[in-house]
Amino acid sequence: MTGRGKLTEIPQFILLGFSDFPRITVVLFAIFLVTYIMTLTWNRLIILIRIDYHLHTPTYFFLSKLSFIDICYVTSTVPKMLSDFFQEQKTITFVGCIVQNFIFSPMGLSESCLVTAMAYDRYAAICNPLVYSTIMSPTLCVQMVLGAYMAGLSASLSQLCALLQLHFCGPNVINHFFCDMLQLLILSCSDIFFVQVMTAILTMILGIAKVLVIMLSYCCIIISIMKITSPKGRSKAFNTCASHLTAVSLFNTSSIFVYLSSSSGGSSSFDRFASVFYTMMIPMLNPRIYSLRDKEIKDALKRLQKKRGYC
């Protein structure tokens with residue numbers, strides 16, 4: 001690939017994926033395929049039942065956008081990974097790698113920003129229940145979602161522009177099941193110091209902002225819960241934010257672990273399976289954690305089935 005920047009002599013990369021586990025290839029394929037189908041099904045349900053007027057609230061508005069992100073997030077990597085299971089040449093073109101990274105990275109960062117916005121939503125619901133609908137107005141909700149999208153897109157575009165300036169002359173083997181940014185930096189023949197510094201700065205800015213918002217929100221939530229004298233009231237308030245806190249903890253713990261372990265170089269088998277957890281399992285679990293056990297969701301699902309003639 002030739003451009004006004006660097007020359008890229010490598011026309012394609014080889015994705016090793018899980019080729020070092022030939023004995024369980026079929027098992028892994030079946031597990032990942034079922035996971036992908038369940039992810040699409042459950043997240044699509046959240047988007048569909050959002051049309052129910054009973055769910056026209058800020059919480060379910062955020063959940064529907066989160067489901068949309070999760071669908072895009074898994075679709076950017078999983079279909080390619082599944083198709084590679086039975087391919088002798090597990091290759092992806094340089095352009096394909098860039099496109100995959102361009103979709104995967106913004107969706108992941110946008111999800112991280114969106115769950116941060118949802119922490120503020122939980123704060124408003126528990127700490128200011130009487131004026132909750134006033135605080136979380138439709139305009140503010142739309143602005144928060146657009147802000148999450150723009151933050152993820154802006155950070156990803158910065159990385160992508162820097163990535164396009166790198167020179168790849170060999171080797172071209174990516175020890176992963178998708179075009180991971182850190183793996184691409186390892187393969188580059190160019191000086192990657194600027195990209196590493198920029199990535200570290202973006203990670204610190206977004207990470208610190210996210211942690212501050214979540215910590216401040218939950219500090220206020222805990223203080224408010226402690227002021228509730230009724231055990232039943234405390235339990236109800238805690239259940240309101242427990243699902244969000246669970247999902248945030250799972251996503252952040254797994255992604256931070258993979259980032260720290262991969263930044264040291266290489267990608268072990270354990271790192272790849274850990275990546276599966278936050279790229280596939282969490283998008284599948286999010287609807288279950290957040291809402292599919294919620295009574296309002298169940299009632300809306302029944303109404304949707306009755307309306308559309310589903311069994």
Side-chain angles (χ1 to χ4, degrees), residues 10-44 66-112 152 156 159-160 163 168 171-187 250-251 254-259 261-263 265-288:
I10 295 178
Q12 61 186 16
F13 295 98
I14 298 174
L15 295 171
L16 289 184
F18 298 95
S19 57
D20 47 343
F21 298 96
R23 294 183 179 181
I24 58 172
T25 295
V26 176
V27 175
L28 290 176
F29 175 82
I31 292 174
F32 295 154
L33 177 61
V34 171
T35 301
Y36 181 56
I37 293 173
M38 291 174 69
T39 300
L40 295 182
T41 302
W42 289 349
N43 282 287
R44 181 173 172 270
L66 181 64
S67 292
F68 170 76
I69 289 176
D70 280 338
I71 289 174
C72 297
Y73 190 56
V74 297
T75 303
S76 67
T77 59
V78 177
K80 172 60 178 172
M81 179 187 67
L82 292 174
S83 67
D84 282 345
F85 266 105
F86 303 105
Q87 298 287 337
E88 290 187 9
Q89 295 293 327
K90 308 176 191 300
T91 59
I92 183 170
T93 63
F94 179 79
V95 174
C97 208
I98 294 300
V99 171
Q100 186 184 75
N101 198 277
F102 178 70
I103 299 173
F104 176 81
S105 184
M107 291 298 107
L109 292 172
S110 296
E111 175 163 346
S112 180
S156 298
Q159 292 181 334
L160 183 63
L163 183 62
F168 296 93
N172 66 335
V173 178
I174 299 176
N175 192 18
H176 219 303
F177 59 87
F178 68 97
C179 291
D180 181 54
M181 178 72 171
L182 294 175
Q183 292 295 311
L184 290 174
L185 293 181
I186 293 172
L187 297 179
L250 288 174
F251 180 83
S254 58
S255 57
I256 289 173
F257 170 79
V258 172
Y259 176 81
S261 60
S262 298
S263 61
S267 177
S268 67
S269 299
F270 186 76
D271 293 337
R272 275 173 282 155
F273 280 106
S275 296
V276 167
F277 187 76
Y278 80 86
T279 58
M280 292 182 61
M281 298 303 296
I282 289 180
M284 181 191 70
L285 292 174
N286 273 341
R288 300 291 299 177

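Only this structure's heavy atoms are used, side chains among them; waters, hydrogens and symmetry mates stay out.
Within the 4.5 Å cutoff, the side chain of Ser275 has heavy atoms near those of the His176 side chain.
Taking each heavy atom of Ile103 and Cys72 in turn, the nearest pair found is CG2-O, 4.1 Å. What you find for Val74 and Pro79 is that their closest heavy atoms are O-CD, 3.7 Å. Shortest non-hydrogen contact noted between Phe102 and Leu160 is CD1-CD2, 3.4 Å.
To the nearest 0.5 Å, atoms CG (Leu82) and OH (Tyr36) are separated by 8.0 Å. With rounding to the nearest 0.5 Å, the separation of CH2 in Trp42 from CE in Met284 is 5.5 Å. In this structure, the separation between CG on Leu187 and CG on Asn172 is 7.5 Å, given to the nearest 0.5 Å. Separation of atoms CG (Leu40) and OG1 (Thr75) is listed at 5.0 Å; rounding is to 0.5 Å. Atom CD1 of residue Ile186 and atom CG of residue Asn175 lie 9.0 Å apart, to the nearest 0.5 angstrom. Rounding to the nearest 0.5 Å places CG of Leu185 at 9.5 Å from CD of Gln183.
Annotation: side chain to side chain contact (heavy atoms under 4.5 Å, CB included) contacts of Thr25 (sequence neighbours excluded): Phe85, Phe86. Take Ser112 and apply the side chain to side chain donor-acceptor pair (under 3.5 Å) test, not counting sequence neighbours, and it matches Lys210. Every residue two or more places apart in sequence or in another chain that forms a side chain to side chain donor-acceptor pair (under 3.5 Å) with Asn286 is listed here: Asp70, Glu111. The ring pair (Phe, Tyr, Trp, His ring centres under 6.0 Å) test applied to Phe104 returns Tyr73, Phe178, not counting sequence neighbours. With sequence neighbours excluded, the residues forming a ring pair (Phe, Tyr, Trp, His ring centres under 6.0 Å) with Phe18 are Phe32, Phe177, Phe273, listed by chain and number. Checked against side chain to side chain contact (heavy atoms under 4.5 Å, CB included), Val173 has the following partners two or more places apart in sequence or in another chain: Ile14, Leu16. Under the side chain to side chain contact (heavy atoms under 4.5 Å, CB included) criterion, Leu285 pairs with Ile289, not counting sequence neighbours. Residues passing the side chain to side chain donor-acceptor pair (under 3.5 Å) test with Thr39: none are found, sequence neighbours excluded. By the side chain to side chain contact (heavy atoms under 4.5 Å, CB included) test, Ser105 is found to be paired with Asn101, Leu109, Ser156, Gln159, residues two or more places apart in sequence or in another chain being considered.
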Donor-acceptor contacts under 3.5 Å from residues 90-99 side chains, at least two apart:
unit_1	atom_1	unit_2	atom_2	d
Lys90	NZ	Asp84	O	2.5
Lys90	NZ	Gln87	O	3.0
Thr93	OG1	Gly96	N	2.9

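Sorted by first then second residue, the side chain to side chain donor-acceptor pair (under 3.5 Å) pairs that include residues 13-23, not counting sequence neighbours, are Asp20-Ser269, Asp20-Arg272. Applying the salt bridge (Lys or Arg N to Asp or Glu O under 4.0 Å) rule to pairs touching residues 94-108 yields nothing, sequence neighbours excluded.
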